[in-house]
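The block underneath contains the structure these notes are about, expressed in structure tokens.
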Amino acid sequence: LASTLVDAGLTVEVLKQLYLIGGLKTITAKGNEFINERNSYNQITSYTNYNMNQSQMLYSLGARYKFSKNTYFTVTGVSQNVKFADKAYRNYTINQVYFNYTMIF
């Protein structure tokens, strides 16, 4: 099994106390993997050979406004795409938006 992970992120202050935030993560895996099978007692009973050829990409873009050193509001949009080269029916995409108010005491 060969896998590759790339992870990058960037935060830039565009105005006083206002930041743009971005991130990207990609994972690719290709080759053979062994998956264990377990019984009702959680004991491994056998192994199954699984041929894997897939890629995942997660990227996000957002903004953060700092009210003070310990208080800020963040809004972030995140998209995750998972693709299987040999099983296209298993491909999926998840899109989410997060609103987060943080206050550190």
In the single-linkage hydrophobic clustering (I, L, V, M, F, W, Y; side-chain heavy atoms under 4.5 Å), do [X] and [Y] co-cluster?
X: Tyr101; Y: Leu18; result: yes
X: Val14; Y: Phe73; result: yes
X: Leu1; Y: Phe34; result: no
X: Leu15; Y: Val75; result: yes

Atom pair [atom1] ([X]) and [atom2] ([Y]), whose distance is rounded to the nearest 0.5 Å:
X: Asn36; Y: Asn42; atom1: CG; atom2: CG; answer: 8.5 Å
X: Leu24; Y: Tyr59; atom1: CG; atom2: OH; answer: 10.0 Å
X: Gln56; Y: Ile27; atom1: CD; atom2: CD1; answer: 5.0 Å
X: Arg38; Y: Ile44; atom1: CZ; atom2: CD1; answer: 4.0 Å
X: Leu61; Y: Ile21; atom1: CG; atom2: CD1; answer: 9.0 Å

For [X] and [Y], work out which heavy atoms get closest and say how close.
X: Asn95; Y: Ser79; answer: OD1-OG, 2.7 Å
X: Thr26; Y: Met57; answer: CG2-CG, 3.8 Å
X: Gln96; Y: Tyr98; answer: OE1-OH, 2.7 Å
X: Asn49; Y: Asn32; answer: OD1-CB, 3.7 Å

Taking everything shown except Tyr47 itself, do over 12 heavy atoms lie less than 6.0 Å from its OH?
no
Might you confirm whether atom CE of Met52 has over 12 heavy atoms from other residues, nucleotides or ligands at distances under 6.0 Å?
yes
Under a 3.5 Å cutoff, is there a donor and acceptor pairing between the side chains of [X] and [Y]?
X: Asn100; Y: Thr74; answer: no
X: Gln54; Y: Thr28; answer: no
X: Asn39; Y: Thr45; answer: no

Which is it for Leu20 and Glu13 under the side chain to side chain contact (heavy atoms under 4.5 Å, CB included) test, yes or no, and what are the steps along the way?
CA-CA 6 Å; Leu20 288 181; Glu13 186 174 12; over 6 Å; no
Would a 4.5 Å heavy-atom cut-off, applied to side chains only, mark Lys69 and Ile104 as touching?
no
Side-chain heavy atoms of Lys66 within contact of Thr71, under 4.5 Å
no
Does the ring-ring contact (aromatic ring centres under 6.0 Å, His included) test come out yes or no for Phe67 and Tyr65, once each step is laid out?
CA-CA 6 Å; Phe67 297 102; Tyr65 183 77; 5.0 Å; yes
Please report the C-alpha distance between Gln80 and Thr93 in whole Å, then the side-chain angles of each, then the deciding distance to 0.1 Å, and finally whether the side-chain hydrogen bond (donor to acceptor under 3.5 Å, both in side chains) criterion is met.
CA-CA 6 Å; Gln80 178 182 9; Thr93 300; over 6 Å; no
Whether Arg90 engages the ring of Phe84 as a cation-pi pair (distance to the six-membered ring centre under 6.0 angstrom, angle to the ring normal within 45°) should be assessed.
yes
List the steps, then state whether side chain to side chain contact (heavy atoms under 4.5 Å, CB included) holds for Leu58 with Val78.
CA-CA 7 Å; Leu58 183 131; Val78 179; 4.1 Å; yes
